[in-house]
Amino acid sequence: MYQRILVPTDSSSLSKKAVQHATALAQSSGAEIVVLNVVPRYPVSYLEGAVVFETQDVARIEKQWSEQARELVDKAVAQVQAKGVKARGAVVKSDLVAESIISAARKHKADLIVMASHGRKGIKRLLLGSETQHVLTHSTLPVLVLR
């Protein structure tokens, strides 16, 4: 059925459920799982009155975020492998989360994306948008969304 499943995670309880569900799918179909975490770049503001960090401080913060993302992904990969499923991890640095998920799915030749919906409602959804919705509308691959 599926040969490679991409599952983005941010270690939230919903994304952990997505990893569990993807693992169950992989077990039943013999698929491999690619666990993905997208790390944002440190925001730089050029507005007057904004806090300005030195370049080395920004680099240190971004490095720390990347290391935390790698730990998160490695932990999820270990949990998947403990269930007897082949898995590998990927960390991507980008401010464009949905585009990065779609790009990673293509790069890793995934044939399914399994992801959680964070279920924002009302004004928060309008203001913050939905990465899941963006992936759903722009991906050419099947996307399984879990609530």
ring-ring contact (aromatic ring centres under 6.0 Å, His included) pairs, two or more places apart, involving [range]:
range	value
residues 1-36	none
residues 55-104	Tyr42-Trp65
residues 69-98	none

Whether [X] side chain and [Y] backbone form a donor-acceptor pair below 3.5 Å:
X	Y	answer
Asn37	Thr9	yes
Thr132	Ala116	yes
Glu32	Arg4	no

Partner set under side-chain hydrogen bond (donor to acceptor under 3.5 Å, both in side chains) for Ser103, not counting sequence neighbours: none
Could you report the tightest heavy-atom contact between [X] and [Y], atom names first, then the distance?
X	Y	value
Val7	Ala22	CB-CB, 4.2 Å
Ala26	Ile5	N-CD1, 4.0 Å
Leu14	Ser117	CD1-O, 3.1 Å

Those residues that, when tested against Gln81, pass side-chain contact (heavy atoms from CB on, under 4.5 Å) (two or more places apart):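 So Gln81 forms a side-chain contact (heavy atoms from CB on, under 4.5 Å) with Val77, Ala87.
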Let me confirm one number: the [atom1]-[atom2] distance from [X] to [Y], rounded to the nearest 0.5 Å.
X	Y	atom1	atom2	answer
Met1	Leu25	CE	CG	7.5 Å
Arg41	Leu96	CZ	CG	9.5 Å
Asp10	Leu72	CG	CG	7.5 Å
Ser11	Glu71	OG	CD	11.0 Å
Ile33	Thr23	CD1	OG1	4.0 Å

Student check: side-chain heavy atoms of His134 and Glu99 closer than 4.5 Å: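 With C-beta onward as the side chain, the pair touches.
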Residue pair His108 / Arg88, side-chain heavy-atom distance below 4.5 Å: yes
Test: Glu67 and Lys63 ion pair at under 4.0 Å: yes
Remaining members of the apolar cluster that contains Leu141, side-chain heavy atoms under 4.5 Å: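 Under the 4.5 Å side-chain rule, Leu141 groups with Leu6, Val34, Leu36, Val38, Val92, Val97, Ile101, Ile102, Ile113, Met115, Val135, Leu136, Val143, Val145.
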Residues, nucleotides or ligands: over 12 heavy atoms within 6.0 Å of Gln3 CD: no
